[in-house]
Amino acid sequence: PADPPSPQEHGLDFQRLLDASAYKEMFRQDMIRWGEEKRHTDPGFFCRAAVEGALQPVWVVSDTRRLSDVEWFRDVYGDVVQTVRVVATEETRKRRNWVFVTGVDDAESECGLDQGVAFDWVITNDGDKVALGEQLEMLLQSLHRSL
């Protein structure tokens, strides 16, 4: 397409773009391309959109994808930024119906934070609810102490 789709600019069904449906996959590469163009022009574009109007003492920005995103938050908010990486084994991801797609899953949008970031927290989510709960409780306790 001449104009890569963005939900707001192209009338796409935002809720359907959030799930793992074929609808999302039809537009995924075009959305990635559109996002790359926005970031190339203005590296803070999506970061500023994420924090616009946020007034809470603690908030979570989920799904950052690139080192430039992490750097933006650290530059703007300094030491109060806590980075969290959630990991799962490839086996677990496949059980959750993930299938590697060349050109998508090896693009910066999917693996841009695999190197170059020293995460403050690494949470393992391989299906053990007790272990996941314990890890999240430690993170929450740390956040409460920093308030």
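Note that these values count all heavy atoms, side chains included, but never hydrogens, waters or copies made by symmetry.
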Identify whether Val81 and Val84 are in the same connected component of the hydrophobic contact network (ILVMFWY, side-chain heavy atoms under 4.5 Å). no

For Gly127 and Arg96, the nearest pair of non-hydrogen atoms, with its separation, is N-NH2, 3.5 Å

Check: Asp126 side chain, Thr92 main-chain N or O, donor-acceptor pair, under 3.5 Å
no

Between Glu52 and Arg48, does at least one N-O distance fall below 4.0 Å, as a salt bridge requires?
no

Given side chains that start at C-beta, do those of Asp69 and Arg39 come closer than 4.5 Å, heavy atoms only?
yes

Shared hydrophobic cluster for Tyr77 and Leu67 (ILVMFWY, side-chain gaps under 4.5 Å):
no

The reported gap from OG in Ser142 to CD in Glu137 (rounded to nearest 0.5 angstrom) is 11.5 Å

Value for CZ (Arg85) from OG1 (Thr64), rounded to nearest 0.5 Å, stands at 9.5 Å

Tell me whether Val117 is reachable from Val87 by hopping between hydrophobic residues (I, L, V, M, F, W, Y) whose side-chain heavy atoms are closer than 4.5 Å. yes

TODO: Assess whether atom CD of Gln141 is packed by more than 12 heavy atoms of other residues, nucleotides or ligands within 6.0 Å.
DONE: yes

For Asp114, is the CG atom crowded, meaning more than 12 foreign heavy atoms sit under 6.0 Å from it?
yes

Requested in this report: Following the transitive rule for hydrophobic clusters with a side-chain heavy-atom cut-off under 4.5 Å over Ile, Leu, Val, Met, Phe, Trp and Tyr, establish whether Val76 and Val80 coincide in one cluster.
Outcome: yes

For Trp72 and Cys47 the tightest heavy-atom approach is CE3-CB, 3.1 Å

Verify same cluster id: Met138, Val86 (apolar side-chain graph, 4.5 Å): yes

Check: So, the side chain of Thr83 versus the backbone of Asp120: is there a donor-acceptor pair under 3.5 Å, distance only?
Finding: yes

Rounded to the nearest 0.5 Å, the CG atom of Leu132 sits from the CG atom of Asp128 at a distance of 8.0 Å

TODO: Using a strict cut-off of less than 4.0 Å between a Lys/Arg side-chain nitrogen and an Asp/Glu carboxylate oxygen, indicate whether Glu37 and Arg33 qualify as a salt bridge.
DONE: no

CD of Glu134 to CG of Leu139, rounded to nearest 0.5 Å, is 14.0 Å

dist Leu113:CG -> Glu108:CD (nearest 0.5 Å) comes out at 8.5 Å

Quiz item: Under 3.5 Å, side chain of Gln135 to main-chain N/O of Ala131, donor-acceptor pair present?
Solution: yes

Between Phe100 and Asp106, is there a side-chain heavy-atom distance shorter than 4.5 Å? yes

